[in-house]
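Here's the structure we're looking at; comments come further down.
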Amino acid sequence: MERPFVFINSAMSADGKISSFLRQQVRISGPEDMGRVGLLRAESDAVMVGVGTVLADDPGLRVKSPDHRGMRSKLGKPEDPLRVVVDSQGKTPPSAKVLGDGCILAVSRAAPEERLRLLGDRCEVVAFGEERVDLPELLSFLYKRGVRRLMVEGGATLNWSLVEGGLVDEISTYIGPIIIGGARAPTLVDGPGFSGGYPELELSAAEALDGGVLLRWRLLR
Ligand SMILES: NC(=O)c1ccc[n+]([C@@H]2O[C@H](COP(=O)([O-])OP(=O)(O)OC[C@H]3O[C@@H](n4cnc5c(N)ncnc54)[C@H](O)[C@@H]3O)[C@@H](O)[C@H]2O)c1
Ligand SMILES: Nc1nc(=O)c(N)c(NC[C@H](O)[C@H](O)[C@H](O)COP(=O)(O)O)[nH]1
């Protein structure tokens, strides 16, 4: 199957949490890391999140800096990368900031008709899989739409499904100088977890940033 290069970018606390036990957003990154996230978006053809992240954070997922916008237009790319939401049941609120032109809502064939009608006015809605979004099918669809570089901005459940499916090439984690705690607080990769055959990583970069550390890992097959 042909698919884009897939990388996860996430910020986590020193204890590995990406938000609090209330699933509310916690500002982990400082300005330098947020600038880096902006550049990563600008360099990507599409940015993807799970609906849990839309419900918790209401991200816009657009390129904000005029320099980054200029960089894209020089390369003949649209102002913003495509925005993709993985949302099997169509639970994204019609007021979500991510919606609008350039947004693809990936649903399953089990998504309720009335949700699809409501959301169909706000973005392109495409179904993959029966009960749950079939991620390999979605990635192959994005590849056919010209997406070669896909940035995944979480959350914990989508990260799990992608890693478990062997669909991730690289993971960048910014580890910030903060402790969030909580056995039920989301971590970088949640889901049921592995009990063997743990995916192995190779460290490709490490640098001090914003009082924390940025790590880049390559997934080994
Ligand atoms: N610190 C960070 O960098 C960062 C980044 C993003 C999100 N977050 C946090 O993560 C939390 C959200 O994570 P989450 O795990 O609740 O939600 P998520 O964003 O991972 O979305 C998961 C949902 O996507 C849907 N889905 C559809 N098909 C799927 C599939 N094949 N595999 C997996 N999911 C599929 C399901 O409804 C599932 O519940 C929030 O608290 C948010 O603040 C933190
Ligand atoms: N890199 C990063 N550092 C953090 O400290 C943090 N809490 C997030 N969380 C990811 C989350 O989904 C954010 O809400 C979007 O990065 C916001 O995206 P917008 O600015 O709305 O486009 N991401």
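Each ligand, and each atom within it, is numbered from 1 in the order the structure gives. Both backbone and side-chain heavy atoms feed into the values below; hydrogens, waters and symmetry mates do not.
Some N or O of Val133 is nearer than 3.5 Å to an N or O of ligand 1, by distance alone. For Leu158, a nitrogen or oxygen atom sits less than 3.5 Å from a nitrogen or oxygen atom of ligand 1, counting backbone and side chain alike. Annotation: Gly155 places an N or O atom under 3.5 Å from an N or O atom of ligand 1; distance criterion only. The shortest N or O to N or O distance between Gly52 and ligand 1 is under 3.5 Å.
Among Arg62, Arg69, Lys64, the one residue that satisfies the salt bridge (charged side-chain N to carboxylate O under 4.0 Å, His left out) test with Glu79 is Arg69.
Under a 4.0 Å criterion applied to the non-hydrogen atoms of Ser161, ligand 1 contributes the atoms 30 (C), 32 (N), 33 (C). Ligand-side atoms of ligand 2 in range of Val26: 5 (O), 6 (C), 7 (N), range being under 4.0 angstrom from any heavy atom. Close approach to Glu153 involves these atoms of ligand 2, each under 4.0 Å from a residue heavy atom: 16 (O). The atoms of ligand 2 that sit less than 4.0 Å from any heavy atom of Val37 are 1 (N). For ligand 2 and Thr53, the ligand atoms under 4.0 Å from any heavy atom of the residue are 12 (O). The distance from ligand 2 to the heavy atoms of Gly60 drops below 4.0 Å at these ligand atoms: 19 (P), 21 (O), 22 (O). Atom numbering of ligand 2 starts at 1 in the shown order; those under 4.0 Å from a heavy atom of Lys64 are 19 (P), 20 (O), 22 (O).
The protein atom (non-hydrogen) at minimum distance from atom 10 (C) of ligand 2 is Asp57 OD2, 4.0 Å. When only non-hydrogen protein atoms are considered, atom 13 (C) of ligand 2 lies nearest to Gln25 NE2, 3.3 Å. At the top of the distance list for atom 43 (O) of ligand 1, counting protein heavy atoms only, stands Asp57 OD1, 2.8 Å. Atom 3 (N) of ligand 2 has its closest protein heavy atom at Ser29 OG, 2.6 Å.
Residue nearest to atom 35 (C) of ligand 1, selected from Val26, Asn9, Val51, Val86: Val86 (by heavy-atom distance).
Using cut-offs of 30° and 60° on the angle between ring planes, the pair Trp160 and Phe194 is tilted.
For the ligand labelled ligand 1, residue Asp190 lies outside the 4.0 Å heavy-atom shell.
Judged by the 6.0 Å distance and 45° axis criteria, Arg36 is not positioned over the aromatic ring of Tyr174.
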One pair to check against ring pair (Phe, Tyr, Trp, His ring centres under 6.0 Å): Phe7 and Trp217. What are the steps and the verdict?
CA-CA 10 Å; Phe7 70 99; Trp217 301 98; over 10 Å; no
